[in-house]
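Working notes for the structure below.
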Amino acid sequence: MESVPFLELHHRDIREYREFLLPESVDWVITDPPYSKKYLWVYDVLAEMCEYVLKPGGGLLVMVGQSYLPEVISKLASRLNYVWTLAYLTPGGQSPYIWTAKCNTFWKPVLLFSKGRYSGKSFGDVIKTSPNNNDKRFHKWGQSEEGFSLLFDKFVLPGQTILDPFVGGGTAAVVALKRGCNFIGVDNDLSAILTTEKRCQSLGVSYV
């Protein structure tokens, strides 16, 4: 008999992660934190959290902006093993213009780090969504189910446990649960937690 995947949601500050997450309990951290300069501190916490919560050989997949990429990589590499950078292509008129760089960008980096030696599948390093498929229905910084599904295809196995510490509109949760994965979501915004819970209600999961 197949086990029912569980859904665990926490309305908490990520800096409190040791109070509600178990050490070495997660296979993948897959997340899309905010990109602006004032949020660079979250990557220090993210690195510490991943070192604590990931199983040996487990991985981090994190979408990041281009503007502070060297700083982000440096912060994460202080505690994790850098593996690769994937190109997440988002073609179409919705692609943002970065005024500081005078660049109209059609892709964003997805950084792959591991705890110790990378133990996942072989992968290609380009993901391309359908044109103008930047789904903002559930969160102003949201990503599409299509995009996350393509990312999961490359790395995630059914039955694994996924953590998103910036759960936002819950897209990673929906994709994970549909694939038979356990999911843990965290956000300091209660509306994000409630949105994620509502989106997942029809998926037949076990709430923790």
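For the single chain, residues carry numbers from 1 onward in sequence order. None of these values were measured; they are calculated from a predicted model. Basis for what follows: all heavy atoms, side chains included, without hydrogens, waters or symmetry-related copies.
Using modelled atom types, no side-chain atom of His10 and backbone atom of Val186 make a donor-acceptor pair closer than 3.5 Å. Looking at Asp187, its side chain does come within 3.5 Å of a backbone N or O of Val167 through a donor-acceptor pair. The backbone N or O of Leu157 sits less than 3.5 Å from a side-chain atom of Gln160, completing a donor-acceptor pair. Judged by distance alone, the side chain of Arg199 and the main-chain N or O of Gly169 form a donor-acceptor pair under 3.5 Å.
Every residue two or more places apart in sequence or in another chain was checked for a side chain to side chain contact (heavy atoms under 4.5 Å, CB included) with Ser119, and none qualifies. Scanning for side chain to side chain contact (heavy atoms under 4.5 Å, CB included) contacts around Asp44 gives Lys75, with sequence neighbours left out. Qualifying side chain to side chain contact (heavy atoms under 4.5 Å, CB included) partners for Ser122, counting only residues two or more places apart in sequence or in other chains: none. For Thr161, the side chain to side chain contact (heavy atoms under 4.5 Å, CB included) partners at least two apart in sequence or on another chain are Phe6, Val26, Asp27, Asn182, Ile184.
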Q.
Go through it in stages, so that I can follow the logic: the residues are Leu177 and Leu7, the test is side chain to side chain contact (heavy atoms under 4.5 Å, CB included), and I'd like the CA-CA distance, side-chain angles, deciding distance and then a yes or no.
A. CA-CA 8 Å; Leu177 295 170; Leu7 171 66; 4.2 Å; yes
Q: Any chance you could lay out the side chain to side chain contact (heavy atoms under 4.5 Å, CB included) test for Leu76 and Leu111, step after step, and finish with the verdict?
A: CA-CA 10 Å; Leu76 295 175; Leu111 303 178; 4.2 Å; yes
(Q) With side-chain hydrogen bond (donor to acceptor under 3.5 Å, both in side chains) as the criterion, how do Tyr35 and Lys108 come out once you've worked through the C-alpha distance, each side chain's angles and the decisive distance to 0.1 Å? (A) CA-CA 11 Å; Tyr35 302 160; Lys108 69 180 66 182; 3.0 Å; yes
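Heavy atoms of other residues, nucleotides or ligands lying less than 6.0 angstrom from CH2 of Trp84 number 12 at most. More than 12 heavy-atom neighbours from other residues, nucleotides or ligands sit within 6.0 angstrom of NZ on Lys121.
The minimum heavy-atom distance linking Phe166 with Asp164 is given by the pair N-OD1, 2.9 Å.
Atom CD1 of Ile14 sits about 6.5 Å away from atom CG of Leu46, to the nearest 0.5 Å. Within the model, atoms CG of Leu163 and OG1 of Thr31 stand 7.5 Å from one another, a figure rounded to the nearest 0.5 Å.
Taking the six-membered ring where the residue is Trp, Tyr118 and Phe123 present perpendicular rings, their angle passing 60° and hence far from 30°.
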Could you list the donor-acceptor pairs under 3.5 angstrom formed by side chains in residues 58-73, with sequence neighbours left out?
none

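Here salt bridge (charged side-chain N to carboxylate O under 4.0 Å, His left out) pairs that include residues 147-159, with residues two or more places apart or in two chains, are Asp153-Arg179.
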